[in-house]
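Keep in mind it's a predicted model, so treat the numbers as computed, not measured.
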Amino acid sequence: MSSTPDIDDLVAQARQAVAAATTIEEIREVSTAVSGKKSPLAQAGRHLGTLDPEARKALGQRLNAARAAIEQLIEERRAEVGAAELAREMEADRIDLSEFIDGSIPAPARRGHLHLVTQTRDELEDVFVGMGFEVAEGPEIETDWFNFGALNIPPAHPARGMWDTFYLDLGAPESTLLRTHTSPVQVHLMEEAVAGDRLPIHAVMPGRCYRRDTPDARHLAVFHQIEGLVVDEGISFADLAGTIHVFTTAYFGPDIHSRLRPAYFPFTEPSAEFEVTCTICHGEGCRTCSQTGWIELGGCGMVDPAVFTTVGIDPDRWTGFAFGFGIDRCAQMRHQIADMRALIENDIRFLRQF
Ligand code: PHE
């Protein structure tokens with residue numbers, strides 16, 4: 001009798017060969033090799049006819065069981081490999097709308113946030129609201145009267161040189177303009193208060209301003225100011241100085257020093273400029289502060305009686321103070337931004353820091 005093939009070995013070998021197949025094509029080949037006409041399994045059945053009936057029946061059953069087992073292995077593997085192949089194909093055909101043309105996947109979109117200047121405006125408003133001020137707003141396009149005339153700056157007044165103005169091609173020449181400061185909102189507010197009999201006034205007025213300036217490390221042609229106005233009985237310069245002191249410590253913290261310096265504005269008397277220590281050089285002097293160690297935040301003073309008279313407020317009964325300073329400058333000093341132009345360049349790597 002020829003050596004009885006070890007049928008268990010045949011099944012074990014087939015199991016290995018089937019498991020090693022990774023494509024449908026390979027499975028087809030393996031299937032022929034392990035269960036086809038020339039397979040060791042088929043060979044093992046060749047001499048069945050030479051066996052006596054008992055032995056033939058026994059071997060026949062074992063061979064059938066082995067073939068069934070091998071065929072099941074092949075079918076299982078075919079299902080596995082088929083599913084994997086389909087998945088690969090689907091992945092290859094997938095249209096990924098988020099892919100760049102070069103095949104790279106963009107980073108997931110980041111959540112945006114308010115621009116630093118907007119955050120700063122909100123924070124400044126909060127500080128003043130906390131001190132009892134209301135928040136008001138006024139138009140960015142103004143007449144010469146609101147931006148200058150009512151503020152005690154008649155046409156051709158030399159002080160107009162303080163504000164390089166963008167005029168609009170609207171109405172009489174130089175009659176309409178982009179406001180150069182938020183001070184015209186003072187005039188609107190006082191007129192409205194008089195008309196509605198709503199004095200006293202304690203308000204701040206934030207907003208965009210425009211000047212025909214060449215941008216540099218601490219100037220922008222379009223910038224933001226926050227104006228303050230208090231009109232009440234018995235208001236003195238000490239109230240103004242105290243307000244500025246409280247605001248600078250609340251917003252900048254105790255480490256930044258501020259100071260008032262005598263100045264001139266046609267609509268306040270006396271007037272002052274207020275400055276904070278330059279946070280870029282900590283007062284040493286640098287390019288940002290033009291080597292002075294100080295950065296001017298804005299102007300302030302006691303409302304000039306001439307302005308009160310213009311808007312119909314009795315200067316013998318009411319006194320008041322006003323201030324106006326740069327919101328962008330505040331952001332710049334608080335966050336130590338050496339060049340203010342960074343605020344309008346829209347470089348996401350810069351904006352993301354705040
Ligand atoms: N409006 C002035 C400016 O922009 C600042 C200022 C406001 C001065 C209020 C005094 C009072 O230069």
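Linking ILVMFWY side-chain heavy atoms closer than 4.5 Å, directly or via other members, places I201 and V187 in a single hydrophobic cluster. The hydrophobic cluster containing L151 also contains L189, counting ILVMFWY residues as joined when their side-chain heavy atoms lie under 4.5 angstrom apart, directly or transitively. Taken together through direct or relayed side-chain contacts under 4.5 Å among Ile, Leu, Val, Met, Phe, Trp and Tyr, M302 and V231 form parts of separate hydrophobic clusters. In terms of hydrophobic clustering, with Ile, Leu, Val, Met, Phe, Trp and Tyr side chains grouped at heavy-atom distances under 4.5 Å, V185 and F133 are assigned to different clusters. Note on V127: it clusters hydrophobically with L116, by side-chain heavy-atom contacts below 4.5 Å among ILVMFWY residues.
No more than 12 heavy atoms of other residues, nucleotides or ligands sit less than 6.0 Å from atom CD of E137. For R78, the CZ atom is densely surrounded, since the number of other residues' heavy atoms within 6.0 Å is greater than 12. Counting non-hydrogen atoms of neighbouring residues, nucleotides and ligands closer than 6.0 angstrom, the CG atom of D169 reaches no more than 12 such neighbours. By the 6.0 Å contact criterion, CD1 on I141 is open, its count of non-hydrogen atoms from other residues, nucleotides or ligands being 12 or less. Atom CD of E134 is surrounded by 12 or fewer heavy atoms from other residues, nucleotides or ligands within 6.0 Å. By the 6.0 Å contact criterion, CD on Q119 is enclosed, its count of non-hydrogen atoms from other residues, nucleotides or ligands being greater than 12.
With respect to H335, the ring pair (Phe, Tyr, Trp, His ring centres under 6.0 Å) criterion is satisfied by exactly one of Y251, F350, F354: F354.
Taking each heavy atom of V135 and V129 in turn, the nearest pair found is CG2-CG2, 3.8 Å. In terms of heavy atoms, D122 sits closest to L114 at OD2-CD1, 3.8 Å. The two atoms that bring R218 and C289 nearest to each other are NH1-C, 3.8 Å, heavy atoms only. Between P206 and T182, the shortest heavy-atom distance links the atoms C-CG2, 4.4 Å. Summarising the geometry of A21 relative to I27, their closest heavy-atom pair is CB-CG1, 3.7 Å, with the distance given to 0.1 Å. Across all their heavy atoms, A66 and I7 have their closest contact at CB-CG2, 3.4 Å.
The distance from atom OG1 of T180 to atom CD1 of I153, rounded to the nearest 0.5 Å, is 7.5 Å. Atoms CD and CD1, on E123 and I327 in that order, are 11.5 Å from each other to the nearest 0.5 Å. One distance of note links CZ of F308 with CH2 of W318; it measures 9.5 Å at 0.5 Å rounding. Here the CD1 atom belonging to I70 is positioned 9.5 Å from the CD atom belonging to Q13, to the nearest 0.5 angstrom. Atom NE2 of H282 is separated from atom CD of Q336 by 5.0 Å, given to the nearest 0.5 angstrom. With rounding to the nearest 0.5 angstrom, the CZ atom of F323 is 6.5 Å from the CD1 atom of I244.
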| field | Residues F247, F128; criterion ring pair (Phe, Tyr, Trp, His ring centres under 6.0 Å); working and verdict | value | CA-CA 7 Å; F247 139 73; F128 285 110; 5.3 Å; yes
| Trace of the side chain to side chain contact (heavy atoms under 4.5 Å, CB included) decision for E174 with D144 | CA-CA 7 Å; E174 304 204 344; D144 181 274; 5.7 Å; no
| field | Candidate pair T243 and V230, rule side chain to side chain contact (heavy atoms under 4.5 Å, CB included), full reasoning | value | CA-CA 10 Å; T243 302; V230 168; over 6 Å; no
| message | side chain to side chain contact (heavy atoms under 4.5 Å, CB included) for T120 and H224? Distances and angles first, verdict last. | response | CA-CA 10 Å; T120 307; H224 301 78; over 6 Å; no
| request: Evaluate the criterion side chain to side chain contact (heavy atoms under 4.5 Å, CB included) for residue pair D8 and D6; output intermediate values, then yes/no. | output: CA-CA 5 Å; D8 290 340; D6 188 326; 3.4 Å; yes
| request: List the steps and the verdict of ring pair (Phe, Tyr, Trp, His ring centres under 6.0 Å) for F267 and H181. | output: CA-CA 13 Å; F267 37 94; H181 50 181; 5.7 Å; yes
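No side-chain donor-acceptor contact under 3.5 Å links S271 to the backbone of G301. With hydrogens and angles disregarded, a donor-acceptor distance shorter than 3.5 Å links the side chain of T176 to the backbone of L170. Counting only distance, with no hydrogens or angles, the side chain of E227 and the backbone of M205 share no donor-acceptor pair below 3.5 Å. The backbone N or O of I344 sits nowhere less than 3.5 Å from a side-chain atom of H115 that would complete a donor-acceptor pair. In this structure, the side chain of Q332 engages the main chain of A217 through a donor-acceptor pair within 3.5 Å. A donor-acceptor contact shorter than 3.5 Å links the side chain of T292 to the backbone of W294. Formation of a donor-acceptor pair under 3.5 Å by the R179 side chain with backbone atoms of G138 is found in this model. The backbone N or O of A338 lies less than 3.5 Å from a partner atom in the side chain of T288, making a donor-acceptor pair. In this structure, the side chain of R211 does not engage the main chain of W163 through any donor-acceptor pair within 3.5 Å. Side-chain atoms of S35 do not come within 3.5 Å of backbone N or O of T32 as any donor-acceptor pair.
Between E54 and K57 there is no salt bridge, since none of the side-chain N atoms of the basic residue sits less than 4.0 Å from a carboxylate O of the acidic one. A salt bridge links R77 with E80: at least one charged nitrogen is closer than 4.0 Å to a carboxylate oxygen.
Residues N152 and T310 have side chains that never bring a donor and an acceptor to within less than 3.5 angstrom of each other. A donor-acceptor pair shorter than 3.5 Å cannot be found between the side chains of E85 and T23. A donor-acceptor pair shorter than 3.5 Å can be found between the side chains of Y210 and E140.
In terms of the side chain to side chain donor-acceptor pair (under 3.5 Å) criterion, residue partners of D232 (sequence neighbours excluded) are, by chain and number, H202.
For the pair L59 and H47, the minimum side-chain heavy-atom distance is below 4.5 Å. Here the side chains of L48 and L63 are in contact, with some heavy-atom distance below 4.5 Å. The shortest distance between side-chain heavy atoms of L41 and V34 does not fall below 4.5 Å. In this structure, Y167 and P173 have side chains that are not in contact, with every pair of non-hydrogen atoms separated by 4.5 Å or more. Using a 4.5 Å cut-off on side-chain heavy atoms (C-beta onward), F325 and V276 make no contact. At least one side-chain heavy atom of R28 sits less than 4.5 Å from a side-chain heavy atom of I24. Side-chain contact between T165 and R212 is absent, with no heavy atoms from C-beta onward closer than 4.5 Å. When side chains are defined from C-beta on, F223 does not count as touching D213, because their heavy atoms never get closer than 4.5 Å.
Note on residues 303-331: pairs passing salt bridge (Lys or Arg N to Asp or Glu O under 4.0 Å), not counting sequence neighbours, are E233-R317.
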